[in-house]
Each structure stands twice: as structure tokens, then as C-alpha cells.
Amino acid sequence: MNETAAAANDVLQDIATSDVIMTEVVIYALASLVILLLMDFYAAKRIGNKHSMGYKVLRIPKYVSLFIICGFTLVIGLLCMYADLSVTRGTLTYFGLPYFIGLVYYLVKMLRRVKAETKGRHL
């Protein structure tokens, strides 16, 4: 049992190089963009069309989410290219947090707008 805990601790202490970091960040970014586009498609379908005022209100939250996702990817990419960033594998797991925050932010705004539009109220 003690050997298993020591082996798990060694795996978390391994160093992730710039190549590993960039691969993981690009996968997170692509997955986040696809999920964001699917949520946007759902909102357009539920609200009615992309030309309605209810859908146009969602532009700002969508751009904020895109800014979070693309901005974090750009910053990490620049750090990996020019500063040769390396972190432990334990720290690397936290790199997905900004993508999660961007998606949850848009999800909350989108669901509130869809609910308001389908109920007849306008927030």
C-alpha cells in the first residue's frame, strides 16, 4: 500500500515540458470552442433565430467566453515558446480551469436568456 502511494506521488512530481503543456492546452481550447459553438447553436434554436434581439444579447457573454479561452491559450503558448515553461503534472491539471470557467459563464448566461425568452420576460 505504501509503495502505491509513493508511486502515485512520483507520477504527480514528474515534470511536464512545453510540448506536453501545449498539447494539453490546445486540446482544451479545441474542446471548449466546440462546446461553446454547440451551446450557441442550442440558444439560437431555442430563442428562435440569430436575428432576434434575445439572441443578440448573448453576443457579449459569448465574446467574453471566447476571450477567456483564446487569451489563456495565447498566454500559455507564448510562455511555452519563449520562456520554455515546465510544471509538475499535478500543476498541469489546473490548466483546464480557465476553460471550465469560460464555458460555465456562457452556459449560465445562455440558460438564463433562453429561460427569459421562452417565458416571455426580457431580462
Side-chain angles (χ1 to χ4, degrees):
M1 182 70 172
N2 202 5
E3 293 175 11
T4 307
N9 194 21
D10 289 341
V11 169
L12 290 177
Q13 295 301 325
D14 284 344
I15 300 297
T17 62
S18 292
D19 296 336
V20 174
I21 294 169
M22 275 310 298
T23 303
E24 188 163 325
V25 166
V26 167
I27 290 170
Y28 283 153
L30 290 176
S32 297
L33 291 175
V34 167
I35 293 170
L36 189 69
L37 290 174
L38 288 173
M39 287 191 297
D40 190 52
F41 177 73
Y42 172 78
K45 187 174 181 178
R46 292 284 294 172
I47 290 174
N49 61 7
K50 291 190 175 195
H51 301 292
S52 68
M53 185 54 83
Y55 179 77
K56 288 182 180 182
V57 171
L58 287 175
R59 283 185 183 172
I60 293 173
K62 182 170 66 172
Y63 293 147
V64 168
S65 294
L66 285 172
F67 179 75
I68 291 170
I69 292 168
C70 296
F72 185 74
T73 305
L74 177 71
V75 167
I76 294 300
L78 290 174
L79 284 173
C80 286
M81 284 179 17
Y82 295 116
D84 195 31
L85 184 66
S86 61
V87 296
T88 63
R89 297 231 184 229
T91 305
L92 187 61
T93 58
Y94 294 108
F95 278 36
L97 191 60
Y99 301 103
F100 179 73
I101 290 170
L103 289 176
V104 168
Y105 171 74
Y106 184 70
L107 180 68
V108 168
K109 293 291 189 177
M110 183 261 309
L111 289 176
R112 289 184 71 208
R113 174 53 51 192
V114 167
K115 182 180 176 184
E117 290 294 321
T118 57
K119 296 284 185 182
R121 299 178 312 172
H122 300 288
L123 293 176

Contacts table for residues 56-66: side-chain donor-acceptor under 3.5 angstrom, sequence neighbours left out:
unit_1, atom_1, unit_2, atom_2, d
K62, NZ, D40, OD2, 3.4
S65, OG, P61, O, 3.2
S65, OG, G102, O, 2.9

Does one hydrophobic cluster hold both [X] and [Y], with members joined at side-chain heavy-atom distances below 4.5 Å?
{"X": "L111", "Y": "L36", "value": "yes"}
{"X": "I27", "Y": "L85", "value": "no"}
{"X": "L79", "Y": "V20", "value": "yes"}

Problem set entry | Listed partners of D84 passing side-chain hydrogen bond (donor to acceptor under 3.5 Å, both in side chains), at least two apart | S18
Restricting to side chain to side chain contact (heavy atoms under 4.5 Å, CB included), what partner residues turn up for [X], sequence neighbours left out?
{"X": "I35", "value": "M39, L103"}
{"X": "S52", "value": "I47, N49, Y55"}
{"X": "S86", "value": "I15"}
{"X": "V26", "value": "M22, L30"}

For this session: Write out all pairs satisfying ring pair (Phe, Tyr, Trp, His ring centres under 6.0 Å) with one or both partners inside residues 65-103, taking only residues at least two apart or from two chains.
Result: Y28-Y99, F72-Y99
For this session: Give every residue pair that meets the ring pair (Phe, Tyr, Trp, His ring centres under 6.0 Å) criterion with at least one member in residues 30-52, sequence neighbours excluded.
Result: none
Seminar exercise, completed: In this structure, CZ of R113 is separated from CZ of R46 (nearest 0.5 Å) by 14.0 Å
Exercise. How many angstroms lie between atom OG1 of T73 and atom CG of L78, to the nearest 0.5 angstrom?
Worked result: 11.0 Å
Exercise. Quick one: are E117 and V114 in side-chain contact, heavy atoms under 4.5 Å?
Worked result: no
Exercise. Can you list every salt bridge (Lys or Arg N to Asp or Glu O under 4.0 Å) pair that touches residues 92-104, not counting sequence neighbours?
Worked result: none
Exercise. Which pairs, with at least one residue in residues 16-27 and sequence neighbours excluded, count as a salt bridge (Lys or Arg N to Asp or Glu O under 4.0 Å)?
Worked result: none
Exercise. Who else is in the cluster with V34 when I, L, V, M, F, W and Y are joined by side-chain contacts under 4.5 Å?
Worked result: L38
Seminar exercise, completed: All heavy atoms of C80 vs all of I21, minimum pair found to be SG-CG2, 3.7 Å
